[in-house]
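I have placed the structure first, in the form of structure tokens, so that the comments after it can refer back to it.
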Amino acid sequence: MHSNASDGTFTPEQIIERAKNYRISGIAITDHDTVAAVKTGQFLAEKNGIDFVPALEVSTSCLNGRMHILGYFIDPDNEELLSMTVEMALSRLKRIEKMCEKLNEIGVRCDFDEVKRIAGLGSIGRPHLAEHMVNNGYVRNMREAFRVYLADGGKVYVTRYSPTPKEAIDIIHRAGGLAVLAHPGVTTGAMDFFPELVKRGIDGIESYYPGHDQIKTQRALDYAKKYNLVPTGGSDCHGFRRGNPLLGIFKVKFSILTNLRERWESTRP
Ligand code: AMP
Ligand code: ZN
């Protein structure tokens, strides 16, 4: 799930509070390109008897497009991991500033300071810019903001730095974690690219996911079995940013976490 350290609306405190209320046994905060919420989340989870996995979700890019790679059980103090997140954060900031400029150039008023304010402490992204555009009445909703302006191919799209999947997998490994392909069923081309990721050292594939129907879930599970990798799952809860919060609504069996931890322990020196 995502906290307000990236594009979720819940603070780590609110995540743990909700997890407690829904009697969740284990969680991972997997913010986009940042581990800023990990330590607070871990501290509060452990205080409340909730199993906590330090994690993040790295946006990578390759010839096949964008892939999100989850890093589970990473060391949030690992220097190389942190410097990657810093580089990505700077690039995110510059990119959103540039997109704001382009919006103003085409007559769509955009206030970069206001977008930064919406992002708050979070790692700034296009969803924050989209929210600003909705607030200003330039588009009816996020979907329209992306379709017309912000998506790759949209009117003001600007690219940003992201590592390749191989770089992300290697950095996650060197930070002591396991690398897992996120939501392959909803990322164009990701499922077909999976055998390549296996060659590059991926450890698992997200199988249980709100956007996966039975066929997609089964395909991911089949891949996990075929390549002897761990199937994982998650709600991808963004708080209130994408409809209602899924934390506690979309559930994953605890055995998934047990298997993931066993795999992680087997890779420890
Ligand atoms: P960014 O991190 O700035 O590249 O923005 C990526 C995020 O934007 C994704 O994680 C989604 O939450 C959101 N997003 C991407 N495409 C769309 C879309 N077509 N409609 C709504 N949200 C989108
Ligand atoms: Zn993702």
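Model, not experiment: these values are computed from the prediction. For ligands, and for the atoms within them, numbers begin at 1 and follow the listed sequence. All values below were derived from every heavy atom in this structure, side-chain atoms included, with hydrogens, water molecules and symmetry-related copies excluded.
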Same cluster for Tyr209 and Ile27 if Ile/Leu/Val/Met/Phe/Trp/Tyr side chains link at under 4.5 Å?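 No, because Tyr209 and Ile27 fall into different hydrophobic clusters, even though each may have its own neighbours under 4.5 Å.
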How about His212 and His183: are their ring centroids closer than 6.0 Å?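 No: the rings miss the under 6.0 Å criterion.
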Would you compute the distance between atom CG of Leu44 and atom CZ of Phe52 and round it to the nearest 0.5 angstrom?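 Interatomic distance, Leu44 CG to Phe52 CZ, rounded to 0.5 Å: 9.0 Å.
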Quick check: does any side chain N or O of Thr187 sit under 3.5 Å from a backbone N or O of Ala190, one acting as donor and the other as acceptor?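 A pair under 3.5 Å: no.
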Residue by residue, ordered by chain and number, which ones reach under 4.0 Å of ligand 1 with a heavy atom?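 Lining ligand 1: Asp7, His32, Arg92, Arg95, Gly125, Arg126, Pro127, Phe146, Arg160, Arg242.
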Charged N-O contact under 4.0 Å between Arg174 and Asp75: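 Judged by the 4.0 Å cut-off on N to carboxylate O distance, Arg174 and Asp75 do not form a salt bridge.
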In His68, what N, O or S atom is nearest to the Zn ion (ligand 2), if we give its atom name?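 Of all N, O or S atoms in His68, the Zn ion (ligand 2) lies closest to ND1.
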Have a look at Glu57 and say which of its N, O or S atoms is nearest the Zn ion (ligand 2).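 It is OE2 of Glu57.
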For the student: nearest non-hydrogen atoms of Leu129 and Cys110, plus distance: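 Residues Leu129 and Cys110, closest heavy atoms: CD1-SG, 3.6 Å.
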By ring pair (Phe, Tyr, Trp, His ring centres under 6.0 Å), which residues pair with His132, not counting sequence neighbours?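 For His132, no residue satisfies ring pair (Phe, Tyr, Trp, His ring centres under 6.0 Å) once neighbours in sequence are set aside.
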